[in-house]
Amino acid sequence: MNWLEVNFDGIVGPTHNYAGLSYGNVASAKNEGLIANPREGVLQGLDKAQHLRSLGMTQGVLPPHDRPHLSTLRSLGFTGSDAEMLTAAWTGSPALVRNLMSSATMWTANASTVSPSPDTKDGRMHFTPANLAAMYHRSIEHETTGRVLKAIFPEGDRFAHHPGLPGGTHMGDEGAANHNRFCSGYGDTGVALYVYGRSAFDGAKDLTYPGRQTLEASEAIARQHGTPGDKTVFIRQNPEAINAGAFHNDVVAVSNKNVFFYHEKAFEDPSAMQNMLRAAAPDIDYQFVEVPEGAVPLCDAVSSYLFNSQLISPPDDDRMRLILPIEVAETPSTKAYIDGLLASNGPIGAADFLDVRQSMRNGGGPACLRLRVVTSEADRTAMGANCLLNDDLVATLRDWASRHYRDRVRPEDLGDVALMEECFAALDELTQILKLGSVYDFQK
Ligand code: SUG
């Protein structure tokens with residue numbers, strides 16, 4: 001069946017900027033107001049994808065979304081031409097426009113939760129786009145994300161799609177960033193671990209920053225994806241980690257197959273987490289790589305994004321490999337930890353440090369930038385669109401970006417009608433390159 005993990009990286013959008021929109025995300029707050037370079041951002045992302053391809057990994061892309069999100073403006077009572085609406089909104093509420101110009105769709109770990117076919121009762125792969133209800137600028141993503149995913153994974157015998165959960169922040173769902181899948185081999189039955197920040201109805205008094213994912217949202221997704229109850233585990237994030245800036249669990253934990261690499265303070269009860277995973281699948285030879293606070297303080301884990309790395313199994317490597325942000329090499333505690341980890345005889349045998357600084361400054365590391373989709377060969381054959389990278393497609397995308405993207409976007413540029421027009425022209429062409437059909441509101 002040739003099972004593979006395919007990573008779908010989010011293409012950085014033409015309006016990428018630093019608007020300080022994400023309360024509880026330390027990097028987003030710290031870098032508010034910086035001048036962004038969308039062209040550099042998109043190229044850094046493509047370089048990362050090419051690096052994974054050079055390691056023998058299969059790599060896809062997901063497109064950025066149309067910004068400003070005009071259908072939100074319309075639903076809020078703005079009328080007239082696109083330019084008139086943007087100008088009126090910018091005059092009346094620059095903060096609203098900043099939210100509707102965000103390029104946050106680049107972080108595709110938040111695009112959806114994906115349950116691959118070996119794990120579901122009906123044997124189909126299930127998708128639920130994350131409602132991202134906790135942050136206004138992200139709550140506008142899920143409908144377009146759903147259309148894109150349906151274009152790539154046509155609804156039918158193999159792929160099942162659910163709408164984003166209703167219920168606002170009570171049912172706040174952040175997608176794959178708070179979901180891990182454990183298995184022996186990708187095609188074997190897996191265990192789903194859902195990590196939540198709070199319960200929908202209890203107030204979460206121990207949190208100073210938002211606990212974006214709720215237990216009830218995780219339970220709803222598991223129900224609709226049809227993963228068996230005895231193979232589905234729910235565990236709470238450590239409130240201390242959220243309050244230190246781990247707004248998603250993937251800031252403090254990453255898994256691949258049987259290996260779980262996480263910070264000692266990632267979970268409220270790490271030994272319960274281990275016990276529940278073992279009980280759910282006694283046949284999996286779990287390797288828990290728990291990093292102690294004494295070696296890497298939580299604040300270093302959050303600022304360097306040590307755990308927001310990709311943990312992968314390249315076909316030619318005998319041990320797993322970490323794809324880390326360059327900031328990990330620049331932080332003494334995390335650099336020393338990685339040196340020690342590679343020298344040990346553990347499950348992780350190699351590490352690469354990549355520059356994704358345009359994304360990192362908004363709190364998005366290598367792991368945020370990708371959505372993992374475990375596929376059989378038949379799944380890949382059934383896929384639509386043209387989103388799997390090869391050298392020609394990468395060259396086309398680089399050329400496309402260099403023609404359409406600015407190298408400077410300041411917060412005060414976000415009301416610029418020309419930037420909107422450039423964004424729509426770029427995305428219209430991109431949907432043709434990626435053979436996605438009409439997925440954006442401005443194309444309807
Ligand atoms: O949701 N940042 C994103 C970062 C998402 C990272 N994803 C994962 N950890 N999987 C967020 O907080 C900042 C946008 C701004 O401030 O302009 C932002 O949305």
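For this chain, numbers begin at 1 and follow the sequence in order. Just follow the structure's listing: the first ligand is 1, and inside any ligand the first atom is 1.
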J.: Is there a donor-acceptor contact under 3.5 Å from the side chain of N249 to the main chain of V195?
T.: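 No, N249 side chain to V195 backbone: no donor-acceptor pair under 3.5 Å.
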J.: Restricting to pairs with a member in residues 48-67, which pass salt bridge (charged side-chain N to carboxylate O under 4.0 Å, His left out), not counting sequence neighbours?
T.: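 As it turns out, the salt bridge (charged side-chain N to carboxylate O under 4.0 Å, His left out) pairs with a partner in residues 48-67, which skip direct neighbours, are D9-K48, R53-D391.
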J.: Is it true that atom NZ of K231 has more than 12 heavy atoms of other residues, nucleotides or ligands lying nearer than 6.0 Å?
T.: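 Yes, the 6.0 Å shell around NZ holds more than 12 heavy atoms from other groups.
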J.: Counting only heavy atoms not in Q274, do more than 12 sit closer than 6.0 Å to its CD atom?
T.: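 For Q274, atom CD is crowded (more than 12 foreign heavy atoms under 6.0 Å).
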J.: Taking the side chain from N386 and the backbone from I433, do they hold a donor-acceptor pair closer than 3.5 Å?
T.: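 Indeed, once roles are kept as given, a pair shorter than 3.5 Å links the two residues.
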J.: Going through the checks in order, is the ring pair (Phe, Tyr, Trp, His ring centres under 6.0 Å) test met by F234 and Y196?
T.: CA-CA 7 Å; F234 303 94; Y196 60 93; 7.5 Å; no
J.: I'd like the residue list for ligand 1, meaning every protein residue with a non-hydrogen atom under 4.0 Å from the ligand.
T.: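 Within 4.0 Å of ligand 1, protein side: N17, A19, G20, L21, S22, N25, S28, A104, W107, A109, N110, H137, R138, A177, R212, F247, H248, D250, N362, G363, C368.
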